[in-house]
Number of protein chains: 2
Amino acid sequence: MPRDLRMSRMLHVLIHLDRHVERATSDQIAKMITTNAVVVRRMMAGLRERGIVTSEKGHGGGWQLARPLTEISLCDVYEAVGRPPLFNFGSEAEPANCLVEQAVDARLEATLLEAEERLLEQFSQIAVEELAQDFERRFEGIRSAERQSCSTISEKS
Amino acid sequence: MPRDLRMSRMLHVLIHLDRHVERATSDQIAKMITTNAVVVRRMMAGLRERGIVTSEKGHGGGWQLARPLTEISLCDVYEAVGRPPLFNFGSEAEPANCLVEQAVDARLEATLLEAEERLLEQFSQIAVEELAQDFERRFEGIRSAERQSCSTISEKS
DNA sequence: AAGACATGAAACTTTGATTGTTGCGTGACA
DNA sequence: TGTCACGCAACAATCAAAGTTTCATGTCTT
């Protein structure tokens, strides 16, 4: 059930930039997340504005982390990709003149707002570095499995 | 920020069916929520399957509540409209072969799943009757304001 | 200075899910 | 028998994210 992929994708990229490449062009990044360079620039522009990455033009240019993953929270990334609406549902756009609808909307929005605040609070307490460590645990798990079984599981992209 | 409106709309309708009309045709309901009869039938079919409303064909037919609003929770309605995805974002559809992406997806999905469970738990503890009472408080507020100012604020739809 | 490389930015197309629409079939009541 | 109302299927409209194309700008190398 694919929806807005920007946050997931940007987290993916940030970890690669920290653990694997240090600097990468939009094209290289595009291959990491199986899309194209323009989409990458569009998303990364938000990260640059928030001081999470920097970009350089010309030969040897590309994208680079501007600060360590320990100082980037999931909330930072969420805001950097434009604070898209968290929920997939809600009420009509214009305020209703029907009082029943007003009551329903108010209650629903209040409930969602509360849930949103809780989720963002959680996001603000998770550093991207934590996800990078999740990855390394997975990597070590695969490596040790390889040593035992001599199978050829390899890391890709 | 309009997204999936089904839950909001169905709550609206259920309260009208309890407080105002008792039985209504798809066309009448369509006017309440400013859409057309087919859309109404599509959404209400889910409510009927869950035993929340009943429908009758022919003369004098239409839709009717099958049980009191005190016995219908927001969660019931959410499930009746098909359990649409709660969140507006997520990860790629197919499981990744990149370990970094796997780690990001796993963490993100776990966080969202937790938030989803909390929200549904809250939904299951709110009866539609509560929203109906929210409405009546609003209604009384307007009535008393009318008595004081002789203005002509009227309830619509 | 020329050319290749890489980002910046604008305009357009594609995609996917909800919503909206049309048409026809079926059951029920007068 | 005719009207009313739901049931159902197929199709069009809508909207945002994602994808694409094109051109401009800046930078490094030769």
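Given the structure is predicted, the values throughout are model-derived calculations rather than measurements. By convention in this document, chain letters (A, B, ...) are assigned in the order of the sequence lines, proteins followed by strands, and residues within each chain are numbered from 1.
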Is R67(A) salt-bridged to D18(A), going by a charged N under 4.0 Å from an acidic O? no
Could you tell me whether Q133(A) atom CD has more than 12 heavy atoms of other residues or ligands within 6.0 Å of it?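 Atom CD in Q133(A) is packed in, count exceeds 12.
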Can you tell me if CD on E71(B) sees more than 12 non-hydrogen neighbours from other groups inside 6.0 Å? yes
Can you tell me if the side-chain N/O atoms of [X] get under 4.0 Å from OP1 or OP2 in [N]?
X	N	answer
N36(A)	dG19(D)	no
R3(A)	dT15(C)	no
S55(A)	dA6(C)	no
T35(A)	dG19(D)	yes

Tell whether R42(A) reaches the base of dG19(D) with its side chain through a donor-acceptor pair below 3.5 angstrom. yes
Rounded to the nearest Å, what distance is computed from the [atom1] atom of residue [X] to the [atom2] atom of nucleotide [N]?
X	N	atom1	atom2	value
M43(A)	dA17(D)	CE	P	12 Å
F89(B)	dA17(D)	CZ	C1'	15 Å
D27(A)	dC5(C)	CG	P	11 Å
L47(B)	dC6(D)	CG	P	14 Å
M7(A)	dA17(D)	CE	P	15 Å
Q28(B)	dC4(D)	CD	C1'	12 Å
R6(B)	dG20(C)	CZ	P	11 Å
E92(B)	dT15(C)	CD	P	15 Å

With distance as the sole test, does Y78(A) use its side chain to make a donor-acceptor pair with the main-chain N or O of P84(A) at under 3.5 Å?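 Yes.
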D4(B) side chain to N88(A) backbone, donor-acceptor under 3.5 Å: no
Identify whether any heavy atom of R23(B) sits under 4.0 Å from a base atom; if not, whether one sits that close to sugar-phosphate; answer base, sugar-phosphate or nothing.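 It contacts nothing in the nucleic acid.
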Assuming nearest nucleotide by heavy-atom distance, tell me which of S26(B) and P84(A) is located more 5' along DNA chain D.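 Going by which nucleotide is closer to the 5' end, it is S26(B).
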What is the minimum heavy-atom distance between H12(A) and I33(A), and which atoms define it?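 Taking H12(A) first and I33(A) second, the nearest heavy atoms are ND1-CG2, 3.7 Å.
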Step-by-step side chain to side chain donor-acceptor pair (under 3.5 Å) determination, S26(A) to W63(A): CA-CA 7 Å; S26(A) 301; W63(A) 301 86; 2.9 Å; yes
Which of these nucleotides, dG20(C), dG8(C), dA18(D), is closest to any side-chain atom of R9(A)? dA18(D)
Heavy-atom contacts, protein to nucleotides 22-30 of chain D, under 4.0 Å, summarised as B (base), S (sugar-phosphate only) or - (none) per nt, yield ---BBBB--
